[in-house]
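Everything on this sheet refers to the single structure shown next.
Every value quoted in this text rests on a predicted model; they were computed, and no experiment measured them.
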Amino acid sequence: MTRYLISFDDGAMTFPEEELPKVAEASLEVVRQARDAAVWVFGGGLERQQASVVATDGTVTNGPYPETKAVLGGFAIIDVPSREDALEWAAKIAAACRCAQEVREIMPDPTL
């Protein structure tokens, strides 16, 4: 099995505020399905623009960097047999969240 990061940019979820309960329920249903299928690892939404950058010398600054054009808005990590499976889950998440999703393979844990 391979782990994949499925994510979307902050601000990508654009729909009328009154539809938020429907979107939230649809998203939770996909999470339930992924848990039932035993592919869900972890996921969640991120507080908007609430990043700190820790440099190699330990210096902490508020982030993201000013030149950053896209900021991560939310993500899911799933563990599935193939990229095709990851793309299928991303399609379910995209439909539930009403926004496009990026899919990236996570490198294997070298300690396992």
Side-chain angles (χ1 to χ4, degrees):
M1 298 272 271
T2 304
R3 289 186 174 181
Y4 289 86
L5 171 69
I6 300 173
S7 63
F8 62 90
D9 288 343
D10 185 40
M13 294 175 71
T14 56
F15 49 81
E17 189 173 334
E18 63 269 8
E19 293 183 24
L20 181 58
K22 287 182 186 178
V23 172
E25 182 53 40
S27 299
L28 288 172
E29 178 55 31
V30 174
V31 171
R32 284 186 208 105
Q33 291 172 10
R35 284 185 176 149
D36 289 347
V39 301
W40 183 260
V41 176
F42 183 77
L46 302 177
E47 290 293 332
R48 296 177 181 244
Q49 311 284 327
Q50 300 292 323
S52 295
V53 178
V54 181
T56 56
D57 66 359
T59 304
V60 179
T61 58
N62 290 330
Y65 295 107
E67 65 272 9
T68 301
K69 296 193 180 357
V71 178
L72 189 63
F75 69 96
I77 297 175
I78 59 170
D79 196 2
V80 293
S82 69
R83 182 169 188 80
E84 290 73 26
D85 291 318
L87 295 172
E88 288 178 19
W89 283 104
K92 292 177 185 183
I93 294 169
C97 292
R98 300 184 189 178
C99 67
Q101 303 291 308
E102 292 183 11
V103 178
R104 298 173 191 255
E105 185 173 339
I106 298 174
M107 294 175 68
D109 184 342
T111 62
L112 297 178

* Asked: Short question: side chain of Glu17, backbone of Phe15 - any donor-acceptor pair under 3.5 Å?
  -> no
* CD1/Ile78 to CD1/Ile93 distance, rounded to the nearest 0.5 angstrom? -> 6.5 Å
* To do: Please examine the side chains of Arg98 and Met13, heavy atoms only from C-beta on, and report whether any two atoms are closer than 4.5 Å.
  => no
* CE/Met107 to OG1/Thr2 distance, rounded to the nearest 0.5 angstrom? -> 12.5 Å
* Would a distance-only check, ignoring hydrogens and angles, find a side-chain to backbone donor-acceptor pair under 3.5 Å from Tyr4 to Arg83? -> yes
* To do: Could you check if a side-chain atom of Val31 sits within less than 4.5 angstrom of a side-chain atom of Ser27, using non-hydrogen atoms only?
  => no
* Single-linkage hydrophobic cluster Phe75~Val30, side-chain heavy atoms < 4.5 angstrom -> no
* Could you grab the distance from atom CE of Met1 to atom CG of Asp79, nearest 0.5 Å is fine? => 4.5 Å
* Asked: Which heavy atom of Trp89 sits nearest a heavy atom of Ala37, and at what distance?
  -> CZ2-CB, 3.9 Å
* In Å, rounded to the nearest 0.5 Å, how long is the span from NZ of Lys92 to CG of Leu87? -> 12.5 Å
* Asked: Under 4.5 Å between side-chain heavy atoms, hopping through other hydrophobics if needed: is there a path connecting Leu46 to Ile106?
  -> yes
* **Gap between atom CD1 of Ile6 and atom CD of Glu102 - 0.5 Å precision** => 11.5 Å
* Starting at CH2 of Trp40, measure out to CD of Gln33 and round the result to the nearest 0.5 Å. => 11.5 Å
* For Ala96 against Val23, the heavy-atom pair lying closest together -> O-CG1, 3.5 Å
* Less than 4.5 Å apart, any side-chain heavy atom of Leu72 and any of Asp10? -> no
* Arg32 with Glu29: basic N within carboxylate O range, under 4.0 Å -> yes
* Least distance between heavy atoms, Val80 atom then Ala86 atom -> CG2-N, 3.7 Å
